[in-house]
Amino acid sequence: MIEGECLEVSEDTLLDAMDKMDKAVEHVQSQFSTVRTGRAAPALVERLTAEYYGTQVPIQQMASISVPEARMLMVKPHDRNSLGAIERAIRDSDLGVSPNNDGVVIRLNFPPLTEDRRREYVKVVKTMSEDGRIAVRNIRRDARKAMETAEKAGEISADELERAEKELEKIAAEHVDRIDAAFGRKEAELLEV
């Protein structure tokens with residue numbers, strides 16, 4: 001096999017691994033946004049679903065969500081008939097707030113978090129970040145196996161395998177650092193009073 005093809009096999013594997021690791025980091029960051037801090041954020045209710053004409057539909061597709069004040073969310077349904085279903089979905093969720101329905105919009109007032117609740121949320125976020133790091137390490141392991149298989153099959157040289165493995169380590173470390181940085185920001189946000 002010629003040198004150019006060797007590089008292509010390892011580069012494709014590295015690019016694929018990098019793409020998967022990027023998605024793992026994005027997933028962790030999107031999970032972080034669902035954890036309640038002292039402030040109201042639309043992401044808290046966007047993931048919730050409500051029954052709408054017999055089907056479970058995400059609230060973000062059924063209503064506009066705004067933040068009129070730091071500790072208040074306002075959910076305005078596009079169809080007033082869905083107001084009760086949205087209110088029920090919010091009440092049944094794990095948000096820990098009572099929806100106020102005035103017949104047009106639903107207001108959610110978020111009380112300040114207690115110190116115990118903040119620490120509990122930090123533990124939840126820490127678990128999410130560890131899951132993200134594990135996902136990155138699993139992607140690294142799978143990519144390494146693919147490159148070792150290619151080397152055994154004679155598709156890449158031992159030198160190319162060594163170079164690609166070093167690059168893979170560097171890419172994985174960068175992605176773990178991104179998850180750790182996102183965790184640090186979320187932890188600071190949670191502990192901020």
Side-chain angles (χ1 to χ4, degrees), residues 1-49 56-67 73 93-95 118-192:
M1 186 172 278
I2 57 177
E3 183 67 28
E5 290 178 10
C6 289
L7 287 173
E8 197 173 298
V9 169
S10 60
E11 290 300 319
D12 287 348
T13 305
L14 288 172
L15 288 173
D16 184 48
M18 190 185 302
D19 184 48
K20 288 177 181 174
M21 287 179 192
D22 284 342
K23 287 180 179 152
V25 170
E26 288 169 19
H27 178 71
V28 169
Q29 290 171 336
S30 73
Q31 280 189 309
F32 284 175
S33 69
T34 65
V35 176
R36 179 165 108 72
T37 60
R39 295 185 200 93
L44 295 171
V45 294
E46 286 176 349
R47 67 182 168 88
L48 300 177
T49 59
Q56 289 295 320
V57 179
I59 289 178
Q60 68 183 11
Q61 292 177 11
M62 300 170 60
S64 58
I65 304 164
S66 59
V67 185
L73 269 183
S93 73
D94 59 355
L95 283 177
R118 289 175 189 276
R119 300 240 177 257
E120 201 175 295
Y121 282 148
V122 167
K123 288 178 187 171
V124 168
V125 171
K126 191 173 195 152
T127 301
M128 290 174 175
S129 67
E130 183 56 32
D131 290 345
R133 287 192 289 273
I134 289 169
V136 168
R137 288 194 290 265
N138 287 341
I139 294 164
R140 178 187 65 194
R141 183 196 64 221
D142 293 345
R144 181 177 287 135
K145 276 184 186 172
M147 289 188 296
E148 287 170 355
T149 302
E151 193 251 347
K152 285 178 184 160
E155 294 175 14
I156 61 173
S157 67
D159 290 344
E160 177 59 25
L161 174 65
E162 187 178 324
R163 185 202 65 76
E165 283 182 339
K166 284 180 185 172
E167 184 67 22
L168 183 63
E169 279 302 316
K170 192 173 102 179
I171 291 167
E174 288 169 2
H175 284 81
V176 167
D177 289 346
R178 283 173 50 196
I179 290 172
D180 290 344
F183 169 69
R185 287 190 302 272
K186 188 66 176 186
E187 182 180 33
E189 193 179 311
L190 282 166
L191 296 176
E192 180 184 303

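Because the structure is a prediction, the values reported are computed rather than measured.
Shown here for Thr13 and Ala146, the closest heavy-atom pair between the two residues is CG2-CB, 4.2 Å. When all heavy atoms of Pro42 and Val67 are compared, the pair lying nearest together is CD-CG2, 3.6 Å. Here the shortest heavy-atom pairing between Ser33 and Lys186 reads CA-NZ, 4.3 Å. Between Glu165 and Glu148, the shortest heavy-atom contact is OE2-OE2, 3.3 Å.
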For residues 23-31, run the donor-acceptor check on the side chains, cut-off 3.5 Å, and write out each pair with its distance to 0.1 Å, sequence neighbours left out.
| from | atom 1 | to | atom 2 | distance (Å) |
| --- | --- | --- | --- | --- |
| Lys23 | NZ | Asp19 | OD2 | 3.3 |
| Ser30 | OG | His27 | O | 2.8 |

Can you give me every donor-acceptor pair (side chain of residues 166-175, partner residue at least two apart or in another chain, under 3.5 Å) with its distance?
| from | atom 1 | to | atom 2 | distance (Å) |
| --- | --- | --- | --- | --- |
| Glu169 | OE2 | Arg144 | NH2 | 2.4 |
| His175 | ND1 | Ile171 | O | 2.8 |
| His175 | NE2 | Asp22 | OD1 | 2.5 |

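By the 4.5 Å heavy-atom criterion applied to side chains, Val122 and Leu191 are counted as neighbours. By the 4.5 Å heavy-atom criterion applied to side chains, Ile65 and Val45 are counted as neighbours. Between Ser129 and Asp180, the closest side-chain pair of non-hydrogen atoms is not below 4.5 Å.
Remark: Arg133 CZ to Asp177 CG distance equals 10.0 Å, nearest 0.5 Å. Here CZ of Arg140 is found 7.5 Å from CE of Met21. Values are rounded to the nearest 0.5 Å. Interatomic distance, OG of Ser93 versus CD1 of Ile59, reported as 7.5 Å (0.5 Å rounding). Distance CD/Gln60 to OG1/Thr49: 11.0 Å, rounded to 0.5 Å. Annotation: the span from Asp131 atom CG to Ile179 atom CD1 amounts to 9.5 Å, rounded to 0.5 Å. Atom OH in Tyr121 sits 10.5 Å away from atom CE in Met128 (nearest 0.5 Å).
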**OP:** Determine, stepwise, if the pair Glu120 / Lys123 fulfils salt bridge (Lys or Arg N to Asp or Glu O under 4.0 Å).
**Re:** CA-CA 5 Å; Glu120 201 175 295; Lys123 288 178 187 171; over 6 Å; no

**OP:** Would you check, one step at a time, whether the test salt bridge (Lys or Arg N to Asp or Glu O under 4.0 Å) holds for Arg137 with Glu130?
**Re:** CA-CA 11 Å; Arg137 288 194 290 265; Glu130 183 56 32; 3.0 Å; yes

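Gln61 pairs by the side-chain hydrogen bond (donor to acceptor under 3.5 Å, both in side chains) definition with nothing, not counting sequence neighbours.
Arg141 CZ: more than 12 foreign heavy atoms inside a 6.0 Å radius.
Taking a cutoff of 4.0 Å between a charged side-chain nitrogen and a carboxylate oxygen, Glu11 and Arg163 qualify as a salt bridge.
A donor-acceptor contact shorter than 3.5 Å is absent between the side chain of Lys20 and the backbone of Ile139.
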